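What you see is a predicted model, and the numbers here were worked out from it, not measured in a lab. Throughout, protein chains are lettered first and strands after them, A, B, ... in sequence-line order, and every chain is numbered starting at 1.
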Amino acid sequence: MSEEKSLNFIEEIIENDLKSGKYETLVTRFPPEPNGYLHIGHAKAICLNFGLTQQYGGYTNLRFDDTNPVTEKTEYVNSQQEDIQWLGFQWKNELYASDYFDQLHGYAVQLIEKGLAYVDESTAEEIAAQKGTPTEPGTPNQYRDRSIEENLDLFAKMKAGDFEDGACILRAKIDMASTNMLMRDPIIYRIKHAHHHRTGDAWCIYPMYDFAHGQSDSIENITHSICTLEYVSHRELYDWFIAQLGIFPSKQYEFARLNLTYTVMSKRKLLQLVNEGLVSGWDDPRMPTISGLRRRGYTPESVREFCERIGIAKRENLIELSLLEFCIREDLNKKATRAMAVLDPIKLVITNYEGDGEILIGENNPEAEDKGGTREIPFSKELWIEREDFMEEPAKKWFRLAPGAMVRLKFAYIVKCDDFVKDAEGNVTEIHCTYFPESKSGSDTSGLSVKGTIHWVSTKHAKTAQVRLYDRLFSVVSPDAEEGDFKDYLNPNSKEVLSKVYIEPALADATLGTGYQFIRKGYFCLDKDSTADHLVFNRVVSLKDGWKG
RNA sequence: UGUCCGAUAGUAUAAGGGUAGUACGACAGUUUUUGGUACUGUUUGUCUUGGUUCGAAUCCAGGUCGGACAACCA
């Protein structure tokens, strides 16, 4: 690696470990629990783990941390795999913590045999009480000094299904007075007579996270086990199990999780939004889930770029949504096919235009290297234009239409506003213009110059579509930090549906998964709800608006 | 009244004893048949108090502030 590029702290650790010969091959893992859909915070972890092995060689495993049968589903396994691949990464091995249930059980038996684990028949409440508090030590109970034989026997009975859920648990025997609460004889196995999505009914005891994660890392020879800050205090336990078991010493490193403004990131809260119907599903375009971003029209490249830009560090952070928006605009600016669509239409009549069947040529993307080719755009006497592009009494520095003002119609002619029509309520219903035939785009000999260019769609050629405009899901910067229920801070205007938007004919051929720029209006993509005769577009993000009207 | 983690412009992130830099944002301008893009410029920062040192964002000590830790969740 070059010395010029600054490294984050994890890259530094890895470079040192590789240089010193501590490890020959870098092995990382991405270890989601299959209990929900992946979100942009996971994307950060995915890009980190997979990115590291792309950078330094080695490989990354996908391991599902499926030790709690009651929360996990195959549906989630599938969606999580799809999301990782969509982001552009491929794991070396697809693994499951549940693959190691036999081995993990063996480790537990080993611990018992070493006098380092015991079966505790206390209730959950008793155990919590005996645990003490962060400032007061815990107290050992009478089960702590059971004989190895008795523990072995009891644990076998637990495994055999002789006990009801909650009747007893297996605990590691460490230190009830430790300043680290997690070291106060943590529970390592609990009884759950539950059906597991992969092991079915083979087990009725399941290992806890702390007893499964480090050992799973170790079994897979993970060299650098990267997780978020909330696991810092688990590291002592992680190391303790590995040391007592004498197995491959994987090492855990923690970085700060991603927080994004105007949204929530916890699976629990996202699940609530889904379950309570506050969003249309995990892939609602307003959701910070990877599937939501995908449906919204974000590209994998833009999400990866975002993850690259936010950096990796150990301090708490709250990233501005504007950075994510910058990343998708930057990507789509290069890729998106330009087209014209009028979201809030008003009719413009070119009173002196008598042509019929004129076809104009539009460049598809001035920002692409090959300009994206061209397309045909039908023109006619009557057009739809954007209501906001006309002002009866123009503001200062108004470049668009107003009585007496001239603008260019994109790809077409310069027109001058002569008149407008109002209805009984005083709303402008029609704008009358004259055009300058010699000002045709590409062959303008008129000598006229105008400051404004507006988009339009020919009324008789226009197709229609539904357009969904999205805004931030929450109206406060950090819903997590607010008092009370986070759902009280949902933005009531996060979704606006425009049922009849006029689009140029070329847009009728829009395909799923491609980005379009509706000129001057933003980036859009076809939604999966679309059918051949009912097109639905999502607005990915608006264009940056420099107009300070 | 504990232990652990952290603190650099508005937001992130560099600088590992030697000129505090970069990006996003904001603001201003140039270019422009998208008030977009591109380009240029401006703006604002080392939590605090001491110490070590010729020299401290960096090392040390105390303080302050923020976060994590008492699920048979992960």
Expressed as a whole number of Å, how far does the P atom of B/A12 sit from that of B/G55? 34 Å

Sequence-distant partners of A/Phe9, ring-ring contact (aromatic ring centres under 6.0 Å, His included), two or more places apart: none

Kindly express the pairing pattern of RNA chain B in dot-bracket notation, using | wherever a base pairs with another strand and counting only Watson-Crick or G-U pairs under 3.5 Å. .((((((..((((....[..)))).(((((.......)))))....(((((..]....))))))))))).....

Polar pairs (N or O, both sides) under 3.5 Å between protein and nucleotides 18-29 of chain B?
{"unit_1": "B/A23", "atom_1": "O2'", "unit_2": "A/Arg309", "atom_2": "NH1", "d": "2.4"}

Hits for ring-ring contact (aromatic ring centres under 6.0 Å, His included) against A/His197, two or more places apart or cross-chain, chain-then-number order -> none

Who passes salt bridge (Lys or Arg N to Asp or Glu O under 4.0 Å) against A/Glu376, sequence neighbours left out? none

Nucleotide-resolved protein contact map, nucleotides 66-74 of chain B, B/S/- at heavy-atom distance under 4.0 Å: -S-SB-BSB

Counting only side-chain heavy atoms from C-beta out, which of B/A12, B/U37, B/U33 sits nearest to A/Thr453? B/U33

Restricting to ring-ring contact (aromatic ring centres under 6.0 Å, His included), what partner residues turn up for A/Phe537, sequence neighbours left out? A/Phe518

Would you measure the distance from the C1' atom in B/U44 across to the matching atom in B/A9 and give it in whole Å? 5 Å

So, using ring-ring contact (aromatic ring centres under 6.0 Å, His included) as the criterion, who are the partners of A/Tyr502 when residues are at least two apart? A/Trp384

With sequence neighbours left out, which residue pairs that include part of residues 443-453 of chain A fulfil the side-chain hydrogen bond (donor to acceptor under 3.5 Å, both in side chains) condition? A/Arg408-A/Asp444, A/Asp444-A/Ser446

Only pairs at least two apart or in different chains count here, so list each side-chain hydrogen bond (donor to acceptor under 3.5 Å, both in side chains) that has a residue in residues 359-370 of chain A. A/Arg338-A/Asn365, A/Asn364-A/Arg375

Pairs satisfying salt bridge (charged side-chain N to carboxylate O under 4.0 Å, His left out), at least one member in residues 126-144 of chain A, at least two apart: A/Arg144-A/Asp185

Per A/Lys410 side chain, nearest of listed nucleotides B/U37, B/A12, B/U34: B/U34

Which residues within residues 154-163 of chain A lie with some heavy atom under 4.0 Å of an atom in RNA chain B? none

